[in-house]
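One structure is given below, encoded as structure tokens.
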Amino acid sequence: MGDKEMKVVAGMCILPQREERAKIAVESIAYQVDVLEVAWQSDVVPIPQWLLEVENAIVRATNNSLAGVEKFLPSSKYPGDTVWLGVDDDIEYPDGYVDVTLAWLEVLDYPLVSYHGRSARVYPMESHYGDTVGYPCLGTVTGVIPVDFIGSGVSAFLVGKMELGIEDFPIINAEDITLSAAANKRGLGVFVLPHPTGWLQYDHHAIKIEDTIYGWKVNDDAEITAYANEVLKWKRTDIASRPPAQA
């Protein structure tokens, strides 16, 4: 990575129960970045030896009280010309992932980008998941698409344009929305990048959908929907208004 002008750092959180799948994720991304910042999400289960032996990894144990927020907080200690990647412990990243992402960041003048996102269809939303159109990381996206909310586990931004602190994450396990809101508040564009189906790999047998944030929140998304609506209130002027409820 030394031939790149900018330092590239990836932030990842690993749940102990996902260790086997996380090893695949780490091996797929670590060699593509200068530094891999890892939050091992337990202060009870020891950090596995294989993870400590990843040469460019900085690993810290947490009590998991901040959940996925931990993959972004270390960005504050890096210089502004660092590119930060939000990566997940359950995704296998393809060879060339970082190079492609860096190229798109440069072309787009360093907004917040991702390979997964959602845009609201109506305002106010009654459900973040029910009232949005999605652009999935595991499916095909044919162009650069401006969206309201990105997927934080396949995201990237320039640290100097997104100086993040804990105050940017008022809701835990809602990093897709809170990170997107942080970009919007800073006047940054938010985009999903083009990619083919199968470019990013996910093992649905290894990690069940009900064990993901989506699985936890899809039928109980009132809190994140309220926060998302606050973002939309000042971000979108073109969105259709939902008719008022009938008495």
Side-chain angles (χ1 to χ4, degrees), residues 1-15 18-19 21-41 47-62 66-116 137 150-166 168-169 175-176 179 182-183 186 188 190-193 195 199-201:
M1 299 299 297
D3 60 342
K4 286 187 168 62
E5 293 182 7
M6 295 179 172
K7 175 171 280 193
V8 181
V9 183
M12 178 186 289
C13 297
I14 298 178
L15 289 165
R18 293 185 179 180
E19 181 187 346
R21 185 64 187 173
K23 192 171 189 294
I24 296 171
V26 167
E27 290 174 350
S28 73
I29 197 67
Y31 74 94
Q32 300 189 55
V33 299
D34 293 298
V35 181
L36 179 63
E37 287 270 1
V38 179
W40 177 255
Q41 294 178 287
I47 298 170
Q49 188 60 34
W50 68 264
L51 185 55
L52 295 173
E53 291 173 356
V54 176
E55 186 176 352
N56 62 336
I58 298 173
V59 188
R60 65 194 187 282
T62 78
L66 295 177
V69 173
E70 292 280 5
K71 67 171 168 265
F72 296 110
L73 292 183
S75 65
S76 62
K77 70 182 184 182
Y78 287 87
D81 61 353
T82 303
V83 169
W84 194 269
L85 305 177
V87 295
D88 276 351
D89 62 356
D90 55 359
I91 293 175
E92 183 177 357
Y93 297 85
D95 190 43
Y97 176 84
V98 171
D99 289 335
V100 169
T101 305
L102 290 178
W104 276 116
L105 279 169
E106 183 176 6
V107 166
L108 297 170
D109 195 26
Y110 298 95
L112 173 62
V113 300
S114 180
Y115 294 95
H116 185 96
C137 63
I150 55 83
S152 65
V154 283
S155 64
F157 57 87
L158 189 66
V159 168
K161 291 193 173 188
M162 287 272 284
E163 296 179 357
L164 298 170
I166 187 63
D168 290 304
F169 302 96
E175 292 76 47
D176 292 359
L179 186 67
R186 291 159 175 80
L188 292 182
V190 181
F191 298 95
V192 168
L193 301 178
H195 59 277
W199 191 56
L200 292 151
Q201 294 290 316

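Here the structure is a predicted model, which is why all the values come from computation and not from measurement.
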d(Q32 CD, L85 CG) to nearest 0.5 Å is 9.0 Å

Would you call K77 and V9 a side-chain contact if the rule is heavy atoms closer than 4.5 Å? no

Give, for atom CD1 of I14 and atom CG of D88, the distance between the pair rounded to the nearest 0.5 Å. 10.5 Å

E19 vs W50, side chain to side chain donor-acceptor pair (under 3.5 Å): CA-CA, chis, key distance, verdict: CA-CA 10 Å; E19 181 187 346; W50 68 264; 2.7 Å; yes

Measuring from W40:CH2 to T62:OG1, what's the distance to the nearest 0.5 Å? 10.5 Å

Within a radius of less than 6.0 Å around CD of Q49, do more than 12 heavy atoms belonging to other residues, nucleotides or ligands occur? yes

Ring centres under 6.0 angstrom apart (W199, Y115): yes

Is the shortest side-chain heavy-atom distance between Y78 and V35 below 4.5 Å? yes

Indicate yes or no: at least one non-hydrogen side-chain atom of Y31 is less than 4.5 angstrom from one of V98. no

Does the side chain to side chain contact (heavy atoms under 4.5 Å, CB included) test come out yes or no for V113 and W104, once each step is laid out? CA-CA 8 Å; V113 300; W104 276 116; 5.7 Å; no

Using side chain to side chain contact (heavy atoms under 4.5 Å, CB included), reason through S28 and Y97 one step at a time and then give a plain yes or no. CA-CA 9 Å; S28 73; Y97 176 84; over 6 Å; no

Going through the distances and angles, do L158 and L105 end up as a side chain to side chain contact (heavy atoms under 4.5 Å, CB included)? CA-CA 8 Å; L158 189 66; L105 279 169; over 6 Å; no

For V26 and V87: C-alpha separation, side-chain torsions, deciding distance, then whether side chain to side chain contact (heavy atoms under 4.5 Å, CB included) applies. CA-CA 9 Å; V26 167; V87 295; over 6 Å; no

Spatial distance of atom CG (D168) from atom CE (M162) [nearest 0.5 Å]: 7.5 Å

Hey, what do you get for CG (L179) to CG (L164), rounding to the nearest 0.5 Å? 6.0 Å

Would you say the side-chain atoms of E175 pair up with the backbone N or O of F169, donor to acceptor, closer than 3.5 Å? no

Distance col, row I166:CD1 vs L73:CG, nearest 0.5 angstrom, shows 5.0 Å

Is there a donor-acceptor pair under 3.5 Å between the side chain of E37 and the backbone N or O of P74? no

Salt bridge (Lys or Arg N to Asp or Glu O under 4.0 Å) between E163 and R186, worked out: CA-CA 10 Å; E163 296 179 357; R186 291 159 175 80; over 6 Å; no

